[in-house]
Amino acid sequence: MAARAAGKGGKKAPGQPGENPLTFYPAWCKKCGICIAFCPKSVLEAGPGGQPFGARPEACIRCHLCELRCPDFAISVADAPKEEAR
Amino acid sequence: MAARAAGKGGKKAPGQPGENPLTFYPAWCKKCGICIAFCPKSVLEAGPGGQPFGARPEACIRCHLCELRCPDFAISVADAPKEEAR
Amino acid sequence: MKSEIRLAGSGGQGVITAAVILAEAAGLHEGRYATQTQSYGPEARGGASKAEVVISDQPIHYPKAQKLDVLLAMTQEACDRYFHDLKMEGTLIVDADLVPNLPTSAALAVPITRLVKEGLGRELFANIAALGVVAGATGVVGMEALTAAVLARVPPGTEAANKKALELGFTAGQSAQADHATEAELADE
Amino acid sequence: MKSEIRLAGSGGQGVITAAVILAEAAGLHEGRYATQTQSYGPEARGGASKAEVVISDQPIHYPKAQKLDVLLAMTQEACDRYFHDLKMEGTLIVDADLVPNLPTSAALAVPITRLVKEGLGRELFANIAALGVVAGATGVVGMEALTAAVLARVPPGTEAANKKALELGFTAGQSAQADHATEAELADE
Amino acid sequence: MAAPVPNREIIHQYLRHAKKFPHIWCPGCGNGVVLGCLLRAIHQMGWTKDEVMMASGIGCSSRAPVYVDFNTLHTAHGRALTFATGVKLAKPKLNTVVVMGDGDALGIGGNHFIHACRRNIDITAVVVNNFIYGMTGGQQSPTTPQGARATTALWGALEQPFDIAQLAAAAGATFVARTTTYHVRELEGLLVKAFAHQGFSVVEVIAACPTCYGRRNKLGDAVGMMRWQKDVAVSVEKAQGMTAEELGGKIVTGVIASREAPEYVTEYAKLCARARELEQAAARQPAPPKPSPERTDMAANEPR
Amino acid sequence: MAAPVPNREIIHQYLRHAKKFPHIWCPGCGNGVVLGCLLRAIHQMGWTKDEVMMASGIGCSSRAPVYVDFNTLHTAHGRALTFATGVKLAKPKLNTVVVMGDGDALGIGGNHFIHACRRNIDITAVVVNNFIYGMTGGQQSPTTPQGARATTALWGALEQPFDIAQLAAAAGATFVARTTTYHVRELEGLLVKAFAHQGFSVVEVIAACPTCYGRRNKLGDAVGMMRWQKDVAVSVEKAQGMTAEELGGKIVTGVIASREAPEYVTEYAKLCARARELEQAAARQPAPPKPSPERTDMAANEPR
Amino acid sequence: MSGPRELLLQGNEAVVEAALAVGCNFYAGYPITPSTEVAEGMAAKLPALGGTFIQMEDEIASLGACLGASLAGAKVLTATSGPGFSLKQELIGYACIAEIPVVIVNVMRAGPSTGLPTSPAQGDVMQARWGTHGDHPIIVLTAASVREAFDLTVKAFNLAEKYRNPVILLLDEVVGHMREKVRLPAAEAVERIERIRPSMPPEWFAPYEETNTGVPPMAAFGDGYRHHVTGLTHDRMGFPTQKKTEILEGTDRLFKKITRGFREICLTEGHGLEDADAAIIAYGSVARSAREAMEVLRSQGKKVGLLKLQTLWPFPRAALEKFVGRVKSVLVCEMNRGQIYREVLRVARGRCEVRKLNRVDGELITPGEIAKAMRELV
Amino acid sequence: MSGPRELLLQGNEAVVEAALAVGCNFYAGYPITPSTEVAEGMAAKLPALGGTFIQMEDEIASLGACLGASLAGAKVLTATSGPGFSLKQELIGYACIAEIPVVIVNVMRAGPSTGLPTSPAQGDVMQARWGTHGDHPIIVLTAASVREAFDLTVKAFNLAEKYRNPVILLLDEVVGHMREKVRLPAAEAVERIERIRPSMPPEWFAPYEETNTGVPPMAAFGDGYRHHVTGLTHDRMGFPTQKKTEILEGTDRLFKKITRGFREICLTEGHGLEDADAAIIAYGSVARSAREAMEVLRSQGKKVGLLKLQTLWPFPRAALEKFVGRVKSVLVCEMNRGQIYREVLRVARGRCEVRKLNRVDGELITPGEIAKAMRELV
Ligand SMILES: Cc1ncc(C[n+]2csc(CCOP(=O)(O)OP(=O)(O)O)c2C)c(N)n1
Ligand SMILES: Cc1ncc(C[n+]2csc(CCOP(=O)(O)OP(=O)(O)O)c2C)c(N)n1
Ligand code: SF4
Ligand code: SF4
Ligand code: SF4
Ligand code: SF4
Ligand code: SF4
Ligand code: SF4
Ligand SMILES: [Mg+2]
Ligand SMILES: [Mg+2]
């Protein structure tokens with residue numbers, strides 16, 4: 001419920017190739033900066049109040065590391081659609 | 001006190017060469033048989049009620065093992081007098 | 001005279017430090033009686049934070065604030081939650097930017113955080129500025145005592161900045177009170 | 001009828017087992033009431049050991065023996081220590097070899113340990129023989145019940161030896177009692 | 001490696017998301033990272049939620065169970081493994097995971113920890129090692145490194161810290177692994193291995209407590225602490241070729257110990273079967289004599 | 001080797017012989033042997049009786065202090081090391097020796113044991129390991145071998161036993177040794193080494209409990225059990241050349257671990273000196289600001 | 001274990017027989033004199049019955065394991081004596097707040113501390129009520145005979161399961177160790193109360209909801225009713241709360257559920273109280289001496305009654321109210337320095353003279369001592 | 001630390017200041033909210049003073065280390081809260097029987113179990129008296145203000161040393177955490193009582209002999225008076241005994257030494273009791289609310305008095321005796337479900353009406369609540 005609400009507040013990414021694969025749940029994000037600091041492709045940047053956003057979503061390789069390291073379950077990374085996988 | 005009393009009850013050995021180097025404190029001895037079983041020279045034997053005594057004191061090499069292994073502080077082995085040492 | 005003061009905000013805003021300094025100012029530097037308490041809420045770390053100071057010329061028995069003479073609210077939540085504890089004639093002070101919805105027209109809304117940010121370049125001293133506002137607007141404690149108490153507690157090297165923050169607040173508090181008084185007078189007519 | 005019996009000796013003599021068997025005999029095999037208690041003395045392992053049995057036709061409240069109907073003492077120490085707890089008309093039974101100093105001429109001195117050693121080659125069953133003596137001398141419990149109780153508890157393979165010990169004791173107990181009765185009669189004259 | 005389950009799914013499937021979030025942990029706290037990896041690993045195991053029992057003690061890390069939709073048990077400080085032992089024995093089908101802080105597991109709970117290791121009972125213990133007592137505000141823990149500062153060690157800790165993994169192995173744990181919250185994928189993998197292992201498994205996770213440990217010890221904020229984890233980690237394989245000096249200040253990650261040994265619950269079940277057989281055999285024969293009550297003579301010493 | 005001090009002297013110099021003897025232990029019990037070796041080793045150290053503090057927990061082995069004319073302290077079950085830590089810190093000049101049973105030290109007292117190891121405080125812990133709870137009449141202990149019987153393990157113990165020496169070393173003890181009561185001379189020598197060592201030292205002594213362990217486990221009486229000790233002992237040196245299989249069922253004796261590391265009491269004294277210096281330095285400067293009370297905000301979580 | 005059996009049993013052994021008869025299938029413990037026979041009996045008997053016996057590393061761990069097992073659906077027992085009982089105190093509070101059924105037997109020896117490990121005492125009576133921190137509800141029973149040890153063990157389990165509360169059974173060393181001829185009931189004749197399991201669909205399950213008995217149904221872990229258990233003050237869903245209303249609702253219920261059950265929980269046995277001029281109050285083995293003293297006194301024409309307490313906590317005040325206003329005096333006999341005596345004073349409120357007779361030297365009070373003291377009172 | 005100082009201090013910090021002022025030189029503890037500031041304060045201050053601070057592995061170890069240090073001659077302190085206090089119970093009994101001075105501070109939070117770790121309560125009052133197994137003597141003090149926390153910490157040390165007994169200081173979370181302007185006395189003005197050391201030659205030393213105060217002199221380990229210390233019941237030489245006479249002699253003395261000191265141990269503060277029609281009894285932070293309520297009521301012409309308890313155990317019965325026979329009613333106000341209330345009932349013996357006012361939701365009782373309840377009683 002809250003998550004869904006959070007999802008609503010987030011910037012949805014449809015998961016299409018080349019599109020922004022990142023969804024943020026700002027209501028849960030605590031602005032720790034981990035996702036930003038360790039993104040191997042420097043995709044993320046801090047917005048106002050430290051809230052991360054995908055500044056260069058096209059560079060995202062969908063490695064999921066930001067998602068896995070986020071302590072607050074506040075990012076979800078969409079995989080490339082099936083047909084594109086590999 | 002009790003020890004001394006025990007000593008009195010025991011068979012004193014003057015510590016002279018060849019003489020019986022073993023003193024027993026029967027009041028403390030619990031007749032476990034350890035001293036008898038592990039004497040390297042089979043010096044000891046069980047008397048009535050299991051109380052050990054020096055059956056072959058002349059064979060004693062004053063290794064002290066019976067004394068050290070007695071759980072009840074119930075034997076004392078006299079060393080050979082100084083001049084004899086070594 | 002007895003004043004019951006509550007300082008409320010969120011975890012990072014330093015309201016507890018502010019409360020301690022306020023109690024030290026009144027208790028140690030003005031020689032009055034002072035107690036300070038705080039409550040540990042169910043909130044997450046970084047969540048709501050509340051501290052109270054009771055200042056009196058007589059020994060203080062019940063140590064907590066009951067009917068508030070002064071409420072300083074640094075967040076909207078704090079304002080909404082505690083406003084009803086204010087006495088009829090009590091003073092509500094809020095950070096104007098952080099508390100957009102005022103429960104009463106009598107509220108003294110001072111842009112405390114913005115003031116220090118603009119005046120000092122950092123939000124860090126907002127709690128000290130808030131103390132200045134309280135002193136300026138209500139006089140529950142004198143500026144001399146407050147300044148001494150602030151300086152005795154802040155880290156070395158930050159004395160000037162803290163003093164500046166305090167003064168910024170004090171001036172803002174005084175004029176807010178004056179404005180309000182004027183308004184009240186006008187209303188009287 | 002209520003009998004209070006104390007069995008006392010030293011750690012290895014099995015007086016507690018004997019007491020339990022006695023209580024089982026009276027309680028389970030004769031259908032009377034029985035309680036058995038024992039006390040843990042300050043003594044070293046292998047030191048003094050004491051157990052009590054109360055047998056009655058009525059429910060037993062206070063479970064310990066107070067004034068003894070029967071005292072079995074398997075060491076001199078036990079005899080000396082507990083003799084004064086015996087009722088005037090109570091029976092003192094001692095192991096004749098282990099208790100050289102009798103506190104009363106009324107004592108029944110039976111060489112219990114020697115009996116089993118001679119009769120069975122081992123001291124091991126002295127506690128069972130002692131039970132036999134108690135039964136034979138006092139009749140606080142019947143031989144049938146006692147035999148059944150002994151056989152129900154002893155390790156398999158030792159039944160015959162235990163039974164023999166019991167009987168040796170019983171006979172010795174009977175005749176000791178008879179001798180004493182005779183003596184008493186003579187004294188009467 | 002397969003793509004990990006996305007948070008979107010994890011949240012809806014496993015979290016008590018409706019009421020309990022955002023969670024209580026500070027910004028950048030390692031506990032959230034560990035929780036995510038735990039859930040992904042459980043997902044990989046294919047366990048249903050009803051089959052999982054997650055227990056904890058008291059501490060920041062021990063708040064984990066409240067957030068997840070399993071059978072969850074928040075016990076007393078240091079005692080999680082004792083409760084978990086009871087749960088597991090009473091209901092062996094429950095996959096039993098225990099989350100503890102370094103203080104909870106090795107401070108007050110150290111004895112239960114080494115005994116669970118020795119007992120080799122099929123439980124997975126996850127020790128979130130942030131080198132500090134987080135929840136009470138930053139006191140020294142049994143893993144605080146020598147010289148590191150805490151509110152009760154203002155001039156630096158004097159004691160040697162426990163090497164949790166080594167201690168677990170010496171106490172008898174049959175699977176022991178360690179990694180950090182930086183190494184999220186390795187962590188997930190090690191958890192899967194630990195879950196799959198029959199016997200007592202320990203996974204030590206080095207995690208950041210920026211609030212109580214990082215700042216005081218100049219390791220920086222959440223980001224700085226995670227960077228530190230990256231820098232000091234050395235894989236078991238690599239460590240084998242390094243000298244003791246080279247390993248100074250490093251943290252060895254990977255599987256530290258792994259061996260097969262009889263598992264307690266299984267062995268106990270066998271014992272029950274044996275006892276029943278013996279009893280049935282005995283029922284066919286005349287009743288054995290009762291144990292001699294004489295034992296109590298012998299045990300007649302006073303102080304116990 | 002020099003001739004040992006004869007019992008005659010030991011008795012009069014160290015035993016509370018007038019009232020407390022014969023002691024409470026059963027015939028052939030290993031505790032008496034350990035006590036004798038302890039006294040001889042103390043004698044070798046040249047310590048006066050006033051300089052020795054001997055503490056213990058609860059158990060047969062823990063009765064030792066009552067018999068000896070030192071400062072003696074019979075504490076509660078499992079807690080001896082905690083009391084001893086207090087004694088040592090309050091009076092560092094006291095040579096502090098703690099005698100414990102396997103159950104006392106590693107059962108209920110296991111946590112204090114591993115923490116004392118970690119703390120490396122200058123105390124010698126003598127663990128009399130008879131594989132059983134002797135005083136309470138023969139229940140399983142944390143060192144009861146797998147398969148061995150006890151009144152609470154009628155079909156044999158299921159758990160892995162602790163290897164006390166290994167555990168101590170893994171927990172941080174800086175001197176660890178093991179031998180048996182058969183090896184009386186080695187025992188005395190190891191005790192002397194342990195006493196001389198600066199830091200926490202552990203001497204594990206395999207000892208017979210004929211009453212509660214030997215008989216039930218077919219190791220025979222006192223003599224049989226000592227013979228068994230002789231048979232299963234393998235010196236550390238010899239063990240190095242043996243395979244794991246060859247070592248099965250053996251007991252490795254000798255010095256298991258020995259290293260130098262900062263000792264706690266000494267380090268604490270240094271810390272005091274440092275703190276005083278800093279304070280004096282501070283006194284020369286204006287008073288530093290008080291710590292921010294804000295810390296308490298941060299620690300505002302509930303469960304602690 | 002089918003028909004009734006006649007046996008010579010120790011009190012401790014009777015606890016074992018009763019536990020098994022009432023369906024206990026989990027024991028975790030740590031040996032300590034004079035309770036060890038309970039552990040040893042369970043160790044010998046549980047495996048063949050498929051139940052679990054485990055010896056834990058200490059008394060704390062023993063209770064922890066019991067609580068875990070109870071949460072997983074087992075019927076659990078642990079036994080200990082003074083020092084171990086002190087160690088268990090923290091987790092007794094956990095069992096109270098999380099409402100976990102568990103029976104804890106404390107075979108009392110003389111304290112404080114190691115004290116006199118093999119001597120009887122009744123020194124842990126107040127501790128059994130107040131030993132853990134914070135207000136908490138507790139049920140404490142005590143037995144005077146081997147048969148009563150059996151019956152009250154059964155009762156303890158039934159109350160624990162019914163009220164979802166720890167129940168403590170205090171034996172004194174005399175009762176724990178004495179052997180007595182006893183007739184045990186047939187298995188079918190043993191009353192067995194099981195905790196109420198939830199019957200609603202899991203989504204509707206509120207593990208700490210108010211019910212008309214005050215006792216919520218209890219789901220076992222793994223049975224599909226996933227829920228949260230904590231030692232923190234919690235709401236009806238089991239989650240931590242700091243809301244004043246939820247705190248009160250939850251903790252009030254803990255006490256009310258016991259209050260509502262007073263009548264069946266508070267067990268006493270009265271003898272000759274109807275026409276008594278003076279009454280003895282006693283429990284445990286001392287009640288045996290008291291009974292004998294009473295009969296002696298009655299045979300001498302003294303109108304003496306006896307109230308034997310089987311429930312110590314909640315204190316069976318109602319039983320006292322029946323006579324404290326009527327008798328001249330009451331003598332409270334205990335093997336401690338006067339613990340229940342304080343309660344009697346409190347309840348009596350000056351309506352009769354209250355005296356005490358105590359023994360604290362590790363010996364059972366004798367009938368003679370009680371009779372002597374009573375003679376001064378009638 | 002020389003002249004008097006004026007400070008804004010927390011109750012917990014005042015404990016630290018007082019402990020150091022009275023010469024405490026050893027602290028062993030384990031952190032727990034809301035007591036941790038005591039540990040942290042001692043950790044910060046002891047090293048420079050040459051004293052010992054050590055954080056142990058748990059609360060049991062903390063008390064163990066304190067007892068060892070005390071036996072070696074140190075003046076020792078530990079602090080904890082509910083869960084830790086429960087864990088310490090076993091060793092509190094050890095300290096009682098071995099007569100080891102130690103001060104234990106318990107900053108009370110709401111229980112049972114983990115409960116409400118940051119909320120105030122007074123739920124450990126009965127536990128402080130009865131928490132360990134076996135009859136034992138204990139002294140329990142409680143403070144209502146920061147200054148009183150200071151003074152009663154000093155008192156606690158002095159009583160511990162003088163009577164060779166553990167002394168427990170109960171603070172509630174309000175007093176532990178509140179800051180108050182307080183004037184601390186000059187170091188010289190702080191009374192310091194030290195345990196009596198033996199002065200006889202070592203051969204004559206009997207560590208547990210009877211003396212005219214009942215308190216034997218205490219030798220420190222290592223000072224030449226080699227002796228034996230045990231938790232077993234012991235004779236006057238400190239060696240285990242099972243002789244009835246020695247048992248009684250030893251344990252009776254434990255109680256008598258405290259009884260003889262009643263007058264100086266039992267501290268209370270009376271306000272307006274002389275002419276009171278009704279009295280409030282309260283302690284700790286609740287006494288502050290009570291005082292305020294009393295003044296309000298007095299100002300309204302109601303003759304209300306207040307008895308503030310500073311000593312809870314031994315229960316200061318003498319102070320109550322002075323007015324229970326005279327007032328119409330007494331209201332006992334506590335942040336628990338009525339613990340001292342039971343004692344008041346016991347002491348009152350029906351001589352006046354006894355009512356209770358309790359709050360158990362983690363909030364301090366307010367003056368208004370007390371005033372309202374009292375209005376019904378006067
Ligand atoms: C808190 C507590 N729990 C249990 C006991 C009972 N107890 C006394 S000694 C002992 C175990 C003794 O075993 P060990 O330490 O191996 O010593 P041993 O007698 O074998 O030398 C136990 C469980 C106790 N005294 N205190
Ligand atoms: C018996 C007891 N003692 C102490 C505490 C206080 N306490 C709560 S959490 C904690 C330590 C937490 O440290 P850790 O286990 O490392 O967890 P973290 O918070 O660091 O994740 C302590 C000491 C308690 N709740 N219970
Ligand atoms: S890692 Fe998570 S919590 Fe941290 S800033 Fe990124 S999204 Fe926010
Ligand atoms: S998925 Fe990988 S590349 Fe894409 S934003 Fe996250 S960390 Fe960067
Ligand atoms: S070893 Fe000692 S106790 Fe054993 S038989 Fe020999 S002398 Fe006696
Ligand atoms: S000293 Fe050696 S040789 Fe002599 S009797 Fe003793 S063991 Fe035998
Ligand atoms: S205090 Fe530390 S461990 Fe606790 S939530 Fe904050 S960062 Fe995490
Ligand atoms: S029971 Fe065992 S350890 Fe205890 S004294 Fe007897 S032989 Fe020694
Ligand atoms: Mg931690
Ligand atoms: Mg042992």
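Everything quoted here is computed from the prediction, not taken from an experiment. Proteins come first, then strands; the chains are lettered A, B, ... in the order of their sequence lines, and each starts at number 1. Side-chain atoms are counted along with the backbone in the values below, which use heavy atoms only and exclude waters and symmetry mates.
Counting heavy-atom pairs under 4.5 Å between each of G:N336, G:T245, G:V354, G:V344 and chain H puts G:N336 at the top. In terms of non-hydrogen atom pairs under 4.5 Å with chain G, the most contact-rich of H:G123, H:P112, H:A348 is H:P112. With respect to chain H, the highest number of heavy-atom pairs below 4.5 Å among G:M126, G:K88, G:R129 belongs to G:M126. Per-residue heavy-atom pair counts under 4.5 Å with chain G were compared for H:G111, H:A95, H:G338, H:G93, and the maximum is reached by H:G93.
Residues G:V360 and H:D135 form a side-chain contact, since some pair of their non-hydrogen atoms from C-beta on lies under 4.5 Å apart. In this structure, G:R337 and H:T251 have side chains that are in contact, with non-hydrogen atoms separated by less than 4.5 Å. A heavy-atom distance below 4.5 Å is found between the side chains of H:I60 and G:I60. In this structure, the side chains of H:Q89 and G:T132 stay at 4.5 Å or more apart for every pair of heavy atoms. Between G:I247 and H:L116 there is a side-chain heavy-atom pair separated by less than 4.5 Å. Side-chain contact between H:E90 and G:F85: absent, with no pair of heavy atoms (C-beta onward) separated by less than 4.5 Å.
A salt bridge does not link G:R346 to H:E343: none of the charged side-chain nitrogens sits closer than 4.0 Å to a carboxylate oxygen.
Smallest separation of non-hydrogen atoms from G:G115 and H:L232: O-CD2, 3.3 Å. A pairwise comparison of heavy atoms in H:I97 and G:S113 identifies CG2-CB, 3.7 Å as the closest pair.
For H:H133 (side chain) and G:S81 (main-chain N/O), no donor-acceptor pair under 3.5 Å exists by modelled atom type. H:D361 places no side-chain N or O within donor-acceptor distance of the main-chain N or O of G:K244, the cut-off being under 3.5 Å. Between the side chain of H:Q127 and the backbone N or O of G:W130 there is no donor-acceptor pair closer than 3.5 Å.
When heavy atoms are compared at a cutoff of 4.5 Å, G:Y94 approaches chain H by way of both its backbone and its side chain. Neither the backbone nor the side chain of G:N106 comes within less than 4.5 Å of any heavy atom of chain H.
Within the model, atoms CD of H:E363 and CG of G:L248 stand 10.5 Å from one another, a figure rounded to the nearest 0.5 Å. Atom-to-atom distance recorded for G:S86:OG and H:L91:CG is 9.5 Å, nearest 0.5 angstrom.
Considering only residues two or more places apart in sequence or on other chains, G:Y208 meets the ring-ring contact (aromatic ring centres under 6.0 Å, His included) condition with G:H234.
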